Every structure is written in C-alpha cells, then in structure tokens.
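As structure tokens, the structure follows; a few thoughts come after it.
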Amino acid sequence: MSIKLARRSLCDRMHWLHYLGRTAAFCSTFALTNQLSAQIDPNSPSPILPVNSLKNLSIEELMNIEVTSVARQPEKLQDAPSAIQVISNEDIQRSGATSIPEALRLADNLDVAQQNSHDWNISARGFNTDLANKLLVMIDGRTVYTPLFSGVFWDAQDYLLEDIDRIEVISGPGGTLWGANAVNGVINITTKSAKDTQGYYVEGGGGIQPQDFMGARYGGVIAPNIYYRVYGKYTDWNHEDLSNGKAANDAWDQGQGGFRIDADPSPDNKFTVSGDLYSETENVQTGGSAKNSGGNLLGRWSHTFSSDNDMSLQVYYDRTHLSDPKPAAFAEPAGILMDNLDTYDVDFQDRFHWGGLNNIVWGLGYRFTDDTVQPAPTVTFLPTHLDQNLYSAFVQDEIKLRDNLFFTLGTKLEHNDYTGWEVEPSARLQWNVTSKQMVWAAVSRAVRTPSRIDHDLREPSGLAVPFPSSILDGSSDFVSETLIAYELGYRAQLTPKVVTSLSLFYNEYENIRSSTTTTPPTFPSFGFPVVFQNNLEGDTYGLEFTANYQVLDWWRLHAGYDLLKEDLRVKPGQVDFNKTLNETADPEQQWSLRSSMDLPHNLTLDAALRWVDTLHNNNGPTPGTVPSYYEMDARLAWHFSPGFELSIVGQNLLHSKHAEYGFPGLTTQEQITRSVLVKATWQY
C-alpha cells in the first residue's frame, strides 16, 4: 500500500483568470504605442534591459553575490559558512525553465524528480518521497509548506520567472534560524524589487510542453521613491504518458497575477507590500479534475539604525483552497476531499553588534493557522476543523575569535500545539584561510514537527464489524522527528577562472515516521488499521561538489556531483509495515554538467547534461525502482535587439520519454516526454 496525500487541488476556479488573460494582452498592445515616457516619472530609473552576456558577471563577482539565508543578514557567498548554492535570474533565463521546479534543477544539491505533468518531488539529502517533508521553502520570506503534510504543493508555487532575482538553496539543517521543517535544507526564493522592474515586459510561446504560455508585467512610479509593478501569466500544460503508451490524462492549466510596491521614503526606511492570486485546474489520472486556488498579501518594514544595526517587521496572510477527487476504495465510494487553509504570520528580527566582537541577530515569530477539511468518503482528518498556534524565538551570535576565525552559536525555541516546546541549536566554525578560501564546520539539531497527516489522518474502510473500520490512521502519540547533523565544507576561488565548493555531511535521525500494524495479520482484521508511529531511525552520509570554470570570456562550464548513502532501519523490538521503504526514494549518485556560450551575431547557446542514479521506491512492503537515466536540455537564443529575444528550448532531448519517479507499472509510473518549445520576450 502506497501512502499518498491529496496532492493537487483547489475548488472554484477564480473568475479573474479570464480577466487576467485580457489584462496581459492589453499590456502587450499598449506597449506597442511606445508611450512609456508619458507613463513613468522623469525621476525614475531607466528601464532595465536584458543582460545575457557572461562578460557582465565575472567568476569573482559570482563569489561576491549577497545571500541572506545562511545568517538572516546579507553576506557574500564566499563568506557564507554553509552548503549553499545560488541560482541567479540569468541562470533561470538561460536554462529555458518554464516553472520554479524546473529552475531548481540548476541547484546541484537538490534531488528534483518530476512525477507527472503537474507533480514534482524535490528534496535535499534524501527523503524525497510523495510526502517529502524535510525541506523548508520560502518566497520573499513567506513560508509555502502546508501543515497537511509539512511538504510543498509544487504545482501551486509559481511566479513570473523574469522577476525572480535569485534562489538560494541550502542543503543541510537550518532550524536554528528558520525553525521546524528546515531539516534537510532551505529554499529561499527572492523576487526583484519593483524599482528594478520598471517598464514593460511581455513573453509568450508554446510547444509540446507546455502547450502555450503568456505573461506580462508593467512597472511604474506612484510618487518619488515609490515604485510598483503588476503582472499576470497563464500556462497550459500538456499531459504526460503512462508506461503502457497511453495518455496519462493529467493535463492542466494555471493562471496567476499579482503586484508589488516598494517605497524608500528615507535612506533608513524601506517598505514592501506585495500580493498574488492564482488558480489552476488539473486532470487526474484516476478521474475527475482537481482544482487549486489561493492568494496572499505580505507587508514588510525594514529600518537601518547604522551599518551594523538594523531591524525588520514582516506580516503576511495566505489562503489556499484545495479540491481533490478521491477514487473509491474498499467499501467506500468515490468523493472529493476539500481543504481551506488560512495562515496569519508575524515575524520580527533585529541585528546589532555588541562589544566589537559579537554580531547578534535575534527575532520573534507567531503563526496562526485555521484549517477546515471537507472529507471524502475514503479520506478525512479528525478533527475536520483545527486552529493551531506556533510561537517562536531565536538568537544567534557570530563571535570574532580572530580576524579570520569566527564561531557562531545559536538556537531557536518553538512551541507548537502537538508536541509543545522544541529546541534547535547549532554551532558553526568558520576559518577564512585566505581572502579567497574558506573552511567551515557545523553541528546542528533540527526537528520535523507532526503534521495533520501524522496526527489526524483517517482513511475509513466502509466495512462493518468485525472488519476494521479504517485502513490508515494518524496517531495522537506521534512525536517530532529529530536530526543531529555534522557538516564540513570548503569553498574557494582557486584561480581567476575557477571556483569550487565541497560539502561533507553525516546525519543521525531519530523517531522517523513508520507505518505500524495494530492487530495480527489474520481474519478478520488482516493487520488493519495501519497507524503512523515513530518506529524508524537511521543515518545518512555523503558529499556535494560544485565547480565553475570560465573557459573563455564567452564560455563558462559548471559541474556538480552528489553522493548520498542511506541506512534507515526499524528500531529494535518495533515493526514497520513498509519495511523502511516509505520514507526514502532517492538516487545514490547524480551529476550534472552545464555549458553557457555567448556566440557571435547576438546568439547564446546553453546546454545541460545530467545523470541520475537508480531510484528505489515502494508500493507498501514491495520494493520498486526507477532506472538510472541520462538526459539533456538545450536552449538557443537570438537577441534581435536589446529588448527583444527569440529562443528555442529542447528538454529531455536524449530520449522520447523516461520515468523519473513512481512505482513500476503500466498505469502507476508516468513517462516524462521530450519537449520542444519556442519563446519570445520583449521589454522596454
């Protein structure tokens, strides 16, 4: 029995979707009038034109990119003592990615597997299953994982990719600063300031996958030092294929729109207000259509007291609405599972220097969630309505031991309604061997707190006594999963043309989720119901390697390699229905090689080759595999003028189709097909 959750979603497709398409078309037409000068304040910055030349960002400048996810404050990538990789906006554009999950393939320290047309499995350092739950994902500081299963509905995470500034990907625990669920990694997606997206941007195209897409954005000035942008996009995705060659009937479409306002009323104060609305409809292989819709509104105030003292206050509201058709099971008929989730979040942070040697950052947080489930006959959560409170506080002190030696110590305290107080401390040592070489080591504790599926799930059987009343249940005794992580890393600019990083890790896990039979496997119970408990433990270890080589001024190479060894086992004296197979579905090795070229006549050529090792997964206690595979993507772009670009993108070029996830079977393991698409962009 494979343990799955309603992964797709949301009912009542929003009527603004048609209006969104008309708005995008209006922006495109209006741009052709070439009256931009009449719309933008004379004091606003010049429109940002595309930058695609590798000459504009040297290897040294790459190492000086500022990141914020490691220490919750800006620092150079070279000085960040963590296994972090940065995906820049240029990386995203040159890859030809059409979605955030596709863009995340550019991070070598992630395992990215496409399950079907609209579902992705993404994790770091293992545990990449249908219910992957050890990766914290944020968009502009807004947490996007769901308390239903502590994971991410990747199909619902979208944005106009042109307006993403960077994606910071940390592999390894980040619980000291970011809290529960930042167990194996943190993904922090940061969008551009409205000040940097002035003018018009229009894109459109299509091909095999996606079939067609369009997007538009306009940025302007409300008043001096107050900038805004509005955007809209729509994408229509084709279906993938089943192993038997038939269509999987999982085509889907998605629309999203939003705005952002950035104000700088004084040099010491910055304000940001942003919001998004989205809606999507997904065909489901088992029949019917899942619907997914929602929106968010975020506000942030940042104040600078001095160069080493600043604070920020952020609040946001997020609503999601899920609607997923569930097939009949045992004696229960088919039905629709619906979920409405409202999230209110407040986060405060302060940073200051103390005594000349201590750089301290601390903060407080509060989150309230209101979750209401309308059960399907085969799946429900009890109670169906649940309010939860999450209180948190953290402090971290970076202590300067010598000019080139730093010791960082910190912890986070969180209180949740399931397990009470949780503590997530860490200690980190950073040695700057030279100005271009750094060695770091860390010991950290992180937790994955219970989700509703662990605690409140119930899958009724519909059978009468003496048969079991349910098949799978959560447990009120479920406790937090814990991790103790040991890391060692090295990052260096070896020559003016070569930069590299290497991270080694060893992780010890306790109280990992298990599926435990509660009765003997005999008539009439047959071992059911199966109950979630914490009967697994284990350890993992491995390494992550990346390198960038500027071969010539116009040619750059990037290489990455990951090794992951896993040993998950049942605790002595305990049992697991899935024989430890349900929590891991990870390749032991994977590597990638990317090439980026600036060619004559305003052409750019990018290609990416990747190899993924055999993936072992399960269907209950039965093991299965996804064969290892090679695959290649490529993109050729022509910059007709500074504001116009035409590109052709090929994905999965080495095979007509291949599987990346799923248990082997004619109807259970979908094949991801080769795709070619054409894209045109214009901005002014």
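Any value given below was found using the heavy atoms of this structure, including those in side chains, with hydrogens, waters and symmetry copies removed. None of these values were measured; they are calculated from a predicted model. FYI, the numbering just counts along the sequence from 1.
In this structure a side-chain-to-backbone donor-acceptor pair under 3.5 Å is present from T495 to K497. Using a distance-only test at 3.5 Å, with no hydrogens or angles considered, no donor-acceptor pair links the side chain of W120 to the main chain of I100. The backbone N or O of I65 sits nowhere less than 3.5 Å from a side-chain atom of R166 that would complete a donor-acceptor pair. When atom types are taken as modelled, the side chain of E487 and the backbone of W440 share no donor-acceptor pair closer than 3.5 angstrom. The backbone N or O of G141 lies less than 3.5 Å from a partner atom in the side chain of Q314, making a donor-acceptor pair. With hydrogens and angles ignored, the 3.5 Å screen pairs no side-chain donor or acceptor of D567 with any backbone N or O of G538. N432 places no side-chain N or O within 3.5 Å of a backbone atom of M438 that could act as its donor or acceptor partner.
Taking each heavy atom of E424 and A446 in turn, the nearest pair found is OE1-CA, 3.6 Å. For Y228 against V221, the heavy-atom pair with the smallest separation is CE2-N, 3.6 Å. Smallest separation of non-hydrogen atoms from D613 and S628: C-CB, 3.7 Å. Minimum interatomic distance between N652 and E631 (heavy atoms only, all atoms of both residues): C-OE1, 3.0 Å. Counting all heavy atoms, side chain and backbone alike, S193 lies closest to R260 at CA-NH2, 3.8 Å. Taking each heavy atom of A441 and L488 in turn, the nearest pair found is CB-CD1, 4.0 Å.
The existence of a salt bridge linking E60 and K436 is confirmed by a sub-4.0 Å separation between a basic side-chain nitrogen and an acidic carboxylate oxygen. The existence of a salt bridge linking D318 and R367 is excluded, since no basic side-chain nitrogen approaches an acidic carboxylate oxygen closer than 4.0 Å. The pair E660-R105 counts as a salt bridge, with a side-chain nitrogen and a carboxylate oxygen less than 4.0 angstrom apart. K233 has no carboxylate O lying under 4.0 Å from a charged side-chain N of D163, or vice versa, which leaves the two without a salt bridge. Using a 4.0 Å cut-off between a side-chain N of Lys or Arg and a carboxylate O of Asp or Glu, E162 and K679 do not qualify as a salt bridge.
Shown are S444, S82, S426; of these, the side chain to side chain contact (heavy atoms under 4.5 Å, CB included) with P173 is made only by S444. The side chain to side chain contact (heavy atoms under 4.5 Å, CB included) test with I167 is passed by exactly one of D91, T190, I139, I92: I92. With W591 as reference, L609 is the one residue of D562, L609, V612, D108 to meet the side chain to side chain contact (heavy atoms under 4.5 Å, CB included) rule.
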Does the side-chain contact (heavy atoms from CB on, under 4.5 Å) test come out yes or no for T482 and V447, once each step is laid out? CA-CA 4 Å; T482 62; V447 302; 4.1 Å; yes
So R635 and E645, salt bridge (charged side-chain N to carboxylate O under 4.0 Å, His left out) or not? Walk me through it. CA-CA 12 Å; R635 175 181 180 268; E645 179 185 85; 2.5 Å; yes
Verify side-chain hydrogen bond (donor to acceptor under 3.5 Å, both in side chains) between T304 and D310, making sure each step is shown before the conclusion. CA-CA 4 Å; T304 301; D310 54 55; 5.2 Å; no
List the steps, then state whether side-chain hydrogen bond (donor to acceptor under 3.5 Å, both in side chains) holds for Y509 with N507. CA-CA 6 Å; Y509 297 90; N507 294 337; 3.2 Å; yes
Does the side-chain hydrogen bond (donor to acceptor under 3.5 Å, both in side chains) test come out yes or no for T546 and Q85, once each step is laid out? CA-CA 9 Å; T546 65; Q85 296 188 32; 4.7 Å; no
Using side-chain contact (heavy atoms from CB on, under 4.5 Å), reason through Q396 and R72 one step at a time and then give a plain yes or no. CA-CA 10 Å; Q396 179 168 282; R72 290 189 71 146; over 6 Å; no
Take S266 and N269 through the test side-chain hydrogen bond (donor to acceptor under 3.5 Å, both in side chains) and record every step on the way to the result. CA-CA 5 Å; S266 70; N269 291 283; 3.0 Å; yes
Would you sort out whether T68 and E168 count as a side-chain contact (heavy atoms from CB on, under 4.5 Å), showing the intermediate values? CA-CA 8 Å; T68 60; E168 300 174 18; 3.8 Å; yes
Worked check of side-chain contact (heavy atoms from CB on, under 4.5 Å) between Q430 and T408: CA-CA 8 Å; Q430 174 184 345; T408 301; 5.8 Å; no
Are Y231 and Y159 close enough, and set up right, to give a ring-ring contact (aromatic ring centres under 6.0 Å, His included), and what steps lead you there? CA-CA 9 Å; Y231 78 95; Y159 208 80; 4.9 Å; yes
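With values rounded to the nearest 0.5 angstrom, D140 atom CG is found 9.0 Å from I189 atom CD1. Within the model, atoms CZ of F271 and OG of S302 stand 9.0 Å from one another, a figure rounded to the nearest 0.5 Å. Residue R491 holds its CZ atom at 12.5 Å from CD of Q437, rounded to the nearest 0.5 Å. The structure places CG of D539 at 10.0 Å from CD of E510, a figure rounded to the nearest 0.5 Å. In this structure, the separation between CD on Q73 and CG on L177 is 9.0 Å, given to the nearest 0.5 Å. Taking CG of D262 as the start and CG of D196 as the end, the distance is 8.5 Å to the nearest 0.5 Å.
Contact check for D345 versus R142: no side-chain heavy atoms found under the 4.5 Å cut-off. Taking 4.5 Å as the limit, some side-chain heavy atom of L563 sits within range of a side-chain heavy atom of E588. Taking the side chain as every heavy atom from C-beta outward, F394 and E414 never approach each other to under 4.5 Å. Using a 4.5 Å heavy-atom cutoff, the side chains of L62 and L77 are not in contact. Considering only heavy atoms from C-beta on, S596 stays 4.5 Å or farther from T604 through its side chain. At least one side-chain heavy atom of V112 sits less than 4.5 Å from a side-chain heavy atom of I122. Side-chain contact between D268 and F305 is absent, with no heavy-atom pair separated by less than 4.5 Å. In this structure, N359 and R351 have side chains that are in contact, with non-hydrogen atoms separated by less than 4.5 Å.
Y201 and E203 form a side-chain donor-acceptor contact under 3.5 Å, judged by distance and modelled atom types alone.
For S171, the side-chain contact (heavy atoms from CB on, under 4.5 Å) partners at least two apart in sequence or on another chain are A83, N109, A124, R125, E544.
The six-membered or imidazole ring of F348 lies away from that of W301, with a centre-to-centre distance of 6.0 Å or more.
Atom CZ of F259 has more than 12 neighbouring heavy atoms from other residues, nucleotides or ligands inside a 6.0 Å radius.
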